[in-house]
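Within every chain, numbering begins at 1; the chains are lettered A, B, ... in the order of the sequence lines, protein sequences first and strands thereafter.
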There are 2 protein chains.
Amino acid sequence: MSESHMDIKETNILDGLHLSAIAKYQQNSNHLSCLGLVDQVAQVLIEKILNGDIKGGSRLNEEHLKNEFGISRTPLREAFRILDKNGLVEVRPRKGVFVKSITKKDIQDNFPVRANLEGLAAALAYPNLTKTDIQQMEEALQLMRQSAQNNDFYAYTGNHKDFHEIFIHSSKNAVLIGMLNTLRMHTLWHRYTFQYYQQDFEESLALHQQILDLFKSRNTPLTELETLVRHHIEIAMDPFLTAMDKLENASD
Amino acid sequence: MSESHMDIKETNILDGLHLSAIAKYQQNSNHLSCLGLVDQVAQVLIEKILNGDIKGGSRLNEEHLKNEFGISRTPLREAFRILDKNGLVEVRPRKGVFVKSITKKDIQDNFPVRANLEGLAAALAYPNLTKTDIQQMEEALQLMRQSAQNNDFYAYTGNHKDFHEIFIHSSKNAVLIGMLNTLRMHTLWHRYTFQYYQQDFEESLALHQQILDLFKSRNTPLTELETLVRHHIEIAMDPFLTAMDKLENASD
DNA sequence: CAAGGATTGACTGTCGACAATTTAGTTGTC
DNA sequence: GACAACTAAATTGTCGACAGTCAATCCTTG
């Protein structure tokens with residue numbers, strides 16, 4: 001912590017840790033700078049937003065962030081465009097970039113689309129699934145059970161994510177994978193809320209076991225698989241919405 | 001038409017019209033510059049790519065484009081990010097930005113996803129449809145018939161686009177609308193190919209009439225509507241692929 | 001003559017500064 | 001006392017320049 005001159009109020013969006021980290025990587029290692037300073041900055045900002053360190057609705061001030069990161073405004077502005085591409089911020093010309101805050105409407109719009117696309121992904125993946133894929137999903141489901149037993153909601157979310165990503169990836173449809181990445185990022189936006197989101201593990205686990213069984217079975221009708229996957233996401237929306245409600249009311 | 005000074009070689013990626021147009025707008029009118037120079041440049045580039053004026057695979061040289069537009073590289077680079085967001089180019093760090101060229105795999109990935117999402121859009125739109133919506137779709141279908149009679153493939157594509165956009169918009173799902181915009185842009189990428197794309201008007205017209213009938217009917221089951229819309233896009237893929245084949249072979 | 005390395009040229013990445021615009025605060029008038 | 005116009009500070013938009021990197025070409029050497 002060489003920044004001794006910073007009595008930074010915690011109103012600062014970014015703490016000093018990441019900026020020095022970036023500066024170090026920038027100087028020392030070449031291969032990381034090959035990844036592009038822009039992408040590094042974007043990655044840090046994405047993390048910050050997803051973890052809730054940067055609150056929704058807040059404005060990303062170029063001048064401040066420039067100083068925080070110790071870089072110029074040019075790569076910063078391009079990083080903003082990446083955030084925009086991922087739907088995390090809104091770029092209002094001559095006004096600045098604003099972190100989007102998730103509303104109920106966003107969730108109500110997001111879930112049906114994601115449900116549909118993951119259903120499609122499952123159907124497309126079914127003929128492609130290897131033994132390794134099945135095995136990995138079984139492992140993921142096992143970890144989900146374990147996390148549920150420990151009442152570790154955060155870990156559960158991670159395992160759940162792994163489970164889904166396996167068959168999404170096996171769909172081998174680049175367009176689909178890209179869109180689901182974006183959609184899932186939106187949902188994970190308030191990932192931290194999941195820590196307080198008392199999910200009904202029983203139902204969720206049963207459904208995922210059911211899905212896995214369909215994947216494992218030889219002659220599963222594609223429509224049945226697609227419908228089930230789609231359904232299991234659709235019914236997850238209402239609990240999510242009520243969880244949002246609780247959190248909103250709690251912060252009042 | 002005040003641009004009388006353009007004897008610009010067509011080897012230029014961009015002709016002089018747009019750049020001078022941009023410069024003019026930039027000076028004269030405020031409300032257009034409020035739209036942001038970046039967005040203007042992006043819009044022009046998108047048009048160029050969609051119309052095929054900029055070939056797929058070609059590299060967008062910042063230095064050249066800078067001179068063409070008469071602007072600096074900063075807004076240009078940000079415009080590139082917008083193109084990237086729309087999936088029209090690929091940004092390779094330290095290499096440059098390359099216009100994506102559509103492959104068969106892209107089409108094979110794109111159509112199923114779009115079919116699924118438009119099916120969902122139709123189902124979501126059904127309860128929201130107003131008399132005006134129905135009427136506009138009838139008009140669009142009528143224009144489609146007219147264009148078909150004139151063998152005007154280009155106009156047909158436009159009318160067809162209008163027809164779809166009506167119910168897509170009526171889904172009132174912002175996420176869905178955004179994704180379909182991107183997906184449809186990809187398909188329209190080689191919009192000019194449609195001029196040579198000898199579509200089977202009969203089947204297409206019949207299907208759209210069928211869809212419109214389901215929209216008009218009071219008690220259409222949502223699944224039936226969704227399946228039909230989805231199906232009518234899925235079956236459009238193969239003719240599109242063969243059309244691509246022909247075009248490829250023709251250009252050899 | 002061929003292969004490997006150095007060199008040069010072109011291009012992208014980054015930066016600091018200036019210009020334009022918005023916003024907030026202040027002053028003046030009705 | 002309230003509203004409007006003006007002013008000033010803050011912030012975004014744009015630009016030209018420099019630095020670093022990649023690639024192709026040319027030269028050297030075996």
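- Distances from the side chain of A:Thr74 to the nucleotides C:dG16, D:dG16, D:dT12 place C:dG16 closest.
- The environment of A:Lys104 atom NZ is sparse: at most 12 non-hydrogen atoms of other residues, nucleotides or ligands sit within 6.0 angstrom.
- If you measure from atom CZ of A:Arg81 to atom C1' of D:dT12, you get 11 Å, rounded to the nearest angstrom.
- When each of D:dT11, C:dC11, D:dT14 is scored by its nearest atom to the side-chain atoms of A:Arg77, the top-ranked nucleotide is D:dT14.
- Distances from the side chain of A:Leu37 to the nucleotides D:dG13, C:dT12, C:dC15 place C:dC15 closest.
- A side-chain donor-acceptor contact under 3.5 Å links B:Asp133 to the backbone of B:Thr130.
- Place B:Val91 and A:Lys95 on DNA chain C by their nearest nucleotides, and B:Val91 ends up nearer the 5' end.
- Rounding to whole angstrom units, CG of residue A:Leu65 and C1' of C:dT14 are separated by 17 Å.
- As rounded to whole Å, 11 Å separates atom C1' of D:dA10 from atom CZ of A:Arg73.
- Atom-to-atom, NZ of B:Lys66 to P of C:dA10 comes out at 15 Å; the value is rounded to the nearest Å.
- Per the geometry, CD belonging to B:Glu62 stands 17 Å off P belonging to D:dT21, to the nearest Å.
- The listed nucleotides are D:dT12, C:dC15, C:dG13; the one nearest the side chain of A:Arg59 is D:dT12.
- A donor-acceptor pair under 3.5 Å links the side-chain atoms of A:Asp106 to the main chain of A:Thr103, judged by distance alone.
- Of the candidate nucleotides C:dT14, C:dT12, D:dT12, D:dT12 has the atom nearest to the side chain of A:Asn61.
- Nucleotide C:dC18 holds its C1' atom 14 Å from the CD atom of A:Glu63, rounded to whole Å.
- In this structure, the nucleotide among C:dT12, C:dT22, C:dC15 sitting nearest to the side chain of A:Arg94 is C:dT22.
- For B:Arg77 and B:Phe80, the positive end is not near the middle of the six-membered ring at less than 6.0 Å and at most 45° from its axis.
- Ranking C:dT12, C:dC15, D:dT14 by closeness to the A:Ile71 side chain, first place goes to C:dC15.
- If you take CG of A:Asn67 and C1' of D:dT11, they are 13 Å apart, rounded to a whole angstrom.
- Taking atom CD of B:Gln40 as the reference point, atom P of D:dG13 lies 13 Å away to the nearest angstrom.
- Every ring-ring contact (aromatic ring centres under 6.0 Å, His included) that B:Tyr156 has, sequence neighbours left out, goes to B:Phe201.
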